[in-house]
Amino acid sequence: MRPDILNALFAEVDTLDGVGPKLKKPLDKLGLTRVRDVAYHLPDRFVTRRAVQNLDEAGEGEQIVIQLTPTEHRGPRNPGRGPHRVFAQDAIGNVCALTYFGRASYSAKKLLPVGETRWVAGKLERYGDMLQIVHPDHVLEEGGESLQRLCEPVYALSEGLTQPKVAGLVSQALTKLPELPEWIEPGQFEKEQWPIWSDALKLAHKSENGSARDRLAYDELLANSLALMLVRADNRQRKGRALVGDGSRIGKLQLPFPLTGAQERSIREITEDMGQEAPMLRLLQGDVGAGKTVVALETMLVAVEAGAQAALLAPTEILARQHFETLRDMARPTGTEVALLTGRDKGRARESILMGLLDGSIDIVVGTHAIFQDAVQYRDLGLVVIDEQHRFGVAQRLQLARKGRRTPHTLAMTATPIPRTLTLAQYGEMDVSRLDELPPGRQAIDTRVVGQDRLAEVVEGVGRHIDKGQQAYWVCPMVRDSETVDIAAAEARYAALKERFGDTVVLVHGQLEPAAKDAAMERFASGEAKLLVATTVIEVGVDVPAATLMVIEQAERFGLAQLHQLRGRVGRGSEKSVCLLLRGEALSDTGRKRLALMRETQDGFRIAEEDLELRGGGELLGTRQSGDTPFRVADLEQIQRLLPVAHADARLLIERDGGLSSERGEAARVLLYLFERDYGVQLLRGG
Ligand code: ADP
Ligand code: MG
């Protein structure tokens with residue numbers, strides 16, 4: 001049970017004034033469903049602006065405050081497509097466009113009547129040969145002078161939200177913060193001179209405050225380390241069972257290839273663990289295509305040889321089905337019974353599988369979460385393999401695997417190559433096996449960095465590619481705090497490519513209805529459509545071997561891990577594949593190095609390690625939203641600097657007070673609930 005002291009924080013977001021059904025949706029999209037989430041919706045950055053008399057005084061890319069007089073409103077040529085532009089003049093007759101996308105267009109009409117002077121605050125940019133401000137932060141009738149003295153937070157938005165609206169909700173949420181007991185170790189707290197928790201949150205919304213941000217990040221890291229350690233400690237106390245194979249089934253396998261050295265080593269490490277009585281907690285890391293499935297199969301066969309059953313948990317139905325078919329075919333010569341169980345199975349078919357699991361006639365079951373529902377009973381479950389696509393909540397899933405009197409061995413698999421420091425953060429004290437060697441004979445993906453100014457040539461290249469009957473991806477960037485603009489850009493690119501290539505182009509982005517998205521994906525997967533334009537949401541499990549060209553626009557705006565994952569979509573068939581990274585003109589030094597690294601290597605581990613190095617150098621833009629880590633508050637640099645301390649502190653606390661019953665232990669429980677790592681607390685109760 002969550003401590004009462006946190007109730008106000010965990011109240012639904014619509015308990016804040018002004019939040020009704022209409023606002024709930026865009027807030028939901030940002031993951032802001034409770035007061036707590038709003039308080040923790042920290043600014044992506046801060047702006048300070050300069051007041052200018054006219055546009056000649058302002059630089060491109062600068063944040064400015066200026067008086068402008070609208071002269072004309074011009075809507076999109078096709079309603080609903082393209083932006084609404086308000087042309088406006090400064091004091092000496094220079095023209096600038098104020099550009100609005102989507103629903104924001106309606107407010108533009110009211111805010112900017114033709115012929116009336118207004119204060120406008122925003123970032124001045126160049127679009128073609130025109131100056132423009134996209135979605136001005138403020139439009140005021142008077143009092144604009146004061147805007148230049150403000151240091152304002154810039155929050156991530158979603159369609160339907162504005163900066164002032166989010167800022168208003170944040171300040172309401174901040175009035176509801178309780179005083180919480182201190183969970184940080186007194187020596188550490190003293191040494192760092194950190195603010196107390198509630199002050200830290202307030203400060204972090206007000207200005208760039210390193211100390212406040214550090215404290216909040218540390219809290220999150222400490223919560224994570226504590227929870228993982230509690231899982232580990234719990235695991236040590238549990239009784240498992242040694243599983244040793246006799247080779248009777250593995251000996252009958254007829255694999256069409258020899259195993260790589262990395263696969264053999266991993267199988268050895270895993271089966272050694274399984275031969276111990278203590279339940280295994282091991283992670284198998286390997287890039288897409290590294291050959292994790294065979295490793296899983298052989299270890300599951302060991303469990304079966306030892307007289308137990310094995311289960312493989314997949315994140316989606318599609319992947320469960322794929323795994324099932326592969327494993328069933330490979331296992332056929334061994335006489336092993338493999339079954340599939342998903343939420344979709346009903347009635348007789350389901351009953352018969354449940355029977356088979358209970359009486360032991362099924363050796364291996366593959367499925368989604370359905371395989372751990374209460375109704376599912378095993379005769380003797382000895383090994384659980386978790387194909388971990390979503391990196392979040394590994395520990396929770398481990399808990400799901402706790403069925404039966406004896407704890408089964410657990411093997412988690414991940415395709416995300418993450419640096420060693422982050423492995424610690426994500427998987428705590430799990431043991432790790434790495435598939436750091438790809439099976440032989442893979443074609444390298446020819447990766448090139450191309451200037452955006454050569455767009456026309458790239459489009460022609462895509463044309464030749466399609467003429468040959470092959471398919472291609474065209475990826476546009478999508479960043480949190482410019483979602484509307486990015487989607488508009490993707491739609492514009494789609495429209496232009498459609499003009500050139502006609503109906504063989506389809507578009508997929510996050511704001512499309514699921515049905516429209518599925519239909520577009522379907523057309524591409526079936527080969528009917530030849531070019532898929534997409535924001536980064538290319539769905540998990542997309543596997544189109546005939547797609548051998550990938551174009552990534554504004555590649556410098558992506559995280560390297562993301563680029564690596566995206567590039568992994570091509571190079572799956574026998575044809576040679578090409579990846580074109582288009583870069584903008586204003587490329588930083590680090591940006592240049594990162595793209596060069598992509599060109600140089602296809603080794604996911606190396607990319608991950610060097611990306612961390614490069615980003616550690618202060619280029620933090622984009623790290624928080626890159627989704628590479630299980631953290632929302634701590635960024636990569638903070639993880640590197642603070643995680644080892646948090647980890648050591650968590651260990652010390654657990655050693656001294658494993659039951660979390662001291663005063664500080666109680667505070668730590670509050671922390672675990674605050675960051676929703678409370679499965680750690682549940683374990684304490686379970687004993
Ligand atoms: P992942 O690690 O992404 O799950 P898979 O297990 O799906 O990778 O393997 C990718 C492909 O490589 C499969 O077609 C598989 O049959 C093949 N493969 C796996 N191991 C080897 C190997 N040692 N030699 C050659 N091909 C292999
Ligand atoms: Mg796989």
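Read the numbers this way: they start at 1 and go in the same order the structure lists the ligands and their atoms.
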Taking distance alone, with no angle check, do Gly291 and ligand 1 share an N/O pair under 3.5 Å?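 Yes, since at least one N or O of Gly291 sits under 3.5 Å from an N or O of ligand 1.
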Counting only nitrogen or oxygen atoms and a 3.5 angstrom limit, does Pro258 reach ligand 1?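 There is such a contact, yes.
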In terms of side-chain geometry, is the basic nitrogen of Asp467 or Arg464 positioned less than 4.0 Å from the acidic oxygen of its partner?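 Here Asp467 does not pair with Arg464 in a salt bridge, since their nearest N and O are not under 4.0 Å apart.
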Glu528 with Arg523: basic N within carboxylate O range, under 4.0 Å: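 The answer is yes: the pair qualifies as a salt bridge.
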Would you mind listing which atoms of ligand 1 come within a distance below 4.0 Å of any non-hydrogen atom of [X]?
{"X": "Thr293", "result": "4 (O), 5 (P), 6 (O), 7 (O)"}
{"X": "Thr260", "result": "23 (N)"}
{"X": "Leu259", "result": "23 (N)"}

Would you mind telling me if ligand 1 is within reach of the side chain of Met413, the backbone, both or neither, using heavy atoms under 4.0 Å?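 Neither; no heavy atom under 4.0 Å.
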If you measure from each heavy atom of Asp287 to ligand 1, is any distance below 4.0 Å?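 Yes, Asp287 has heavy atoms under 4.0 Å from ligand 1.
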Mark the output for Ala290 as yes if a heavy-atom distance to ligand 1 is under 4.0 Å, and as no if none is.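 Per 4.0 Å heavy-atom rule, Ala290 contacts ligand 1.
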On a heavy-atom basis, which atom in Arg493 and which in Glu553 lie closest, and how many Å separate them?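 The pair with the smallest heavy-atom distance is NE-OE2, 2.7 Å.
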Minimum heavy-atom separation for Val506 and Phe524, please, with both atom names.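 Shortest heavy-atom contact: CG2-CB, 4.3 Å.
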Please assess Leu597 against Arg606 for the test side chain to side chain contact (heavy atoms under 4.5 Å, CB included), listing each intermediate value before the final yes or no. CA-CA 9 Å; Leu597 181 65; Arg606 187 169 157 220; 3.8 Å; yes
Out of Lys292, Gln322, His323, indicate the one that has the non-hydrogen atom closest to atom 1 (P) of ligand 1.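 Going through Lys292, Gln322, His323 one by one, Lys292 has the nearest heavy atom to atom 1 (P) of ligand 1.
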So, does Gln377 use its side chain to make a donor-acceptor pair with the main chain of Leu358 at under 3.5 Å?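 No: the side chain of Gln377 does not pair with the backbone of Leu358.
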What verdict does the side chain to side chain contact (heavy atoms under 4.5 Å, CB included) test give for Val376 and Leu354, after you've listed the backbone C-alpha separation in whole Å, the side-chain angles of each residue and the deciding distance to 0.1 Å? CA-CA 6 Å; Val376 184; Leu354 294 188; 3.8 Å; yes
